[in-house]
Amino acid sequence: GESVGLHLPTLSVQEGDNSIINCAYSNSASDYFIWYKQESGKGPQFIIDIRSNMDKRQGQRVTVLLNKTVKHLSLQIAATQPGDSAVYFCAESRPVHGSSNTGKLIFGQGTTLQVKP
Amino acid sequence: DAGVTQSPTHLIKTRGQHVTLRCSPISGHKSVSWYQQVLGQGPQFIFQYYEKEERGRGNFPDRFSARQFPNYSSELNVNALLLGDSALYLCASSRTGGSLGSPLHFGNGTRLTVT
């Protein structure tokens with residue numbers, strides 16, 4: 001089926017270090033991307049989004065970088081904390097077939113971030 | 001404000017049975033989407049509803065159906081359950097357009113186990 005690719009299934013970092021989670025997408029026409037965090041037993045939680053007319057967007061301790069040339073997306077987490085341990089998904093928004101104003105998200109398989117104290 | 005709420009949180013069914021899952025969107029959100037998340041994978045799109053009309057459907061069999069009510073809440077129905085339907089079913093809401101230009105906000109899902 002449709003999917004967005006992620007480079008690493010698991011990333012282990014030391015508390016206080018910076019984390020970088022990568023994602024590759026396939027549809028060069030996609031113009032909206034979202035990062036989600038999913039903790040065990042919970043639904044995906046919105047972290048940050050970016051539109052294709054930008055190449056960088058910053059939030060609180062998080063930065064998303066978009067490289068449209070190579071169709072690559074990354075999420076950077078500064079000063080990683082134990083509470084950041086979760087599965088991180090990048091998602092690509094695509095129009096629903098036959099509709100110009102409704103969309104669906106195509107998710108990658110996720111990267112598990114483990115933060116070592 | 002309350003987020004997206006789903007019920008029940010857990011459900012165990014037998015093969016061949018049917019199931020109804022319920023979702024209440026965030027207040028003011030008119031679009032509801034349903035996703036299926038199999039263990040170890042990312043969510044897969046099932047349906048999107050906006051203003052009580054189906055606006056999109058993913059690659060799922062006709063055993064899956066849904067509807068949206070005048071108060072924008074939604075139900076997902078699955079008939080003739082198969083073992084492979086065991087998954088976390090996620091509901092998400094957005095103000096308009098179901099993720100085109102605005103993020104989806106997810107509930108915590110219903111964990112369905114088919115035995």
Side-chain angles (χ1 to χ4, degrees), chain A residues 1-6 9-10 21 23-25 27 29-54 57 59 62 64 86-112, chain B residues 3-7 9-10 21 23-26 29-60 68 87-111:
Chain A
E2 298 171 294
S3 68
V4 176
L6 281 169
T10 303
I21 302 172
C23 178
Y25 62 94
N27 190 343
S30 294
D31 60 4
Y32 181 56
F33 304 88
I34 309 170
W35 280 98
Y36 285 94
K37 171 186 180 183
Q38 188 172 25
E39 297 174 285
S40 180
K42 294 186 178 181
Q45 176 188 358
F46 170 79
I47 302 173
I48 192 168
D49 57 1
I50 188 167
R51 302 181 197 285
S52 61
N53 60 354
M54 305 172 69
R57 190 168 188 220
V62 295
V64 56
V87 179
Y88 289 80
F89 292 97
C90 65
E92 171 190 0
S93 178
R94 294 189 191 173
V96 170
H97 179 68
S99 173
S100 61
N101 60 0
T102 53
K104 61 181 180 180
L105 292 179
I106 307 300
F107 284 83
Q109 290 195 321
T111 290
T112 300
Chain B
V4 176
T5 57
Q6 294 186 244
S7 63
T9 55
H10 295 81
L21 310 180
C23 170
S24 292
I26 292 171
H29 286 193
K30 297 181 178 181
S31 174
V32 170
S33 300
W34 288 95
Y35 286 75
Q36 180 196 63
Q37 186 176 24
V38 174
L39 196 62
Q41 297 185 16
Q44 295 282 326
F45 173 72
I46 310 176
F47 285 112
Q48 199 259 326
Y49 277 77
Y50 179 65
E51 288 284 14
K52 302 178 287 294
E53 291 186 3
E54 181 183 309
R55 297 298 183 96
R57 184 187 182 109
N59 188 24
F60 281 81
Q68 187 178 32
L88 180 67
Y89 288 86
L90 295 163
C91 174
S93 75
S94 62
R95 291 192 180 277
T96 61
S99 93
L100 271 185
S102 62
L104 297 184
H105 298 273
F106 286 87
N108 286 328
T110 293
R111 171 69 62 188

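Chain A is the first sequence line, chain B the second, and so forth, proteins listed ahead of strands; every chain is numbered from 1.
Annotation: the span from A/K42 atom NZ to B/L90 atom CG amounts to 14.0 Å, rounded to 0.5 Å.
Heavy atoms closer than 4.5 Å to chain B are found nowhere in A/Q45, neither backbone nor side chain.
Heavy-atom pairs under 4.5 Å with chain A were tallied for B/Q37, B/R111, B/H105; the largest tally goes to B/Q37.
Residues B/F45 and A/R94 have side chains not in contact (no heavy-atom distance under 4.5 Å, counting atoms from C-beta outward). Considering only heavy atoms from C-beta on, B/Y35 comes within 4.5 Å of A/K104 through its side chain.
A/Y36 contributes no side-chain N or O that, together with a main-chain N or O of B/F106, makes up a donor-acceptor pair within less than 3.5 Å.
Closest non-hydrogen pair, A/F89 versus B/P43, comes out as CE2-CD, 4.4 Å. Of all the heavy atoms in B/P103 and A/D49, the pair that sits closest is CD-OD2, 3.9 Å. Considering all non-hydrogen atoms of both residues, B/L104 and A/I34 come closest at N-CD1, 4.4 Å.
For CG of A/N53, the number of neighbouring non-hydrogen atoms (other residues, nucleotides, ligands) closer than 6.0 Å is greater than 12.
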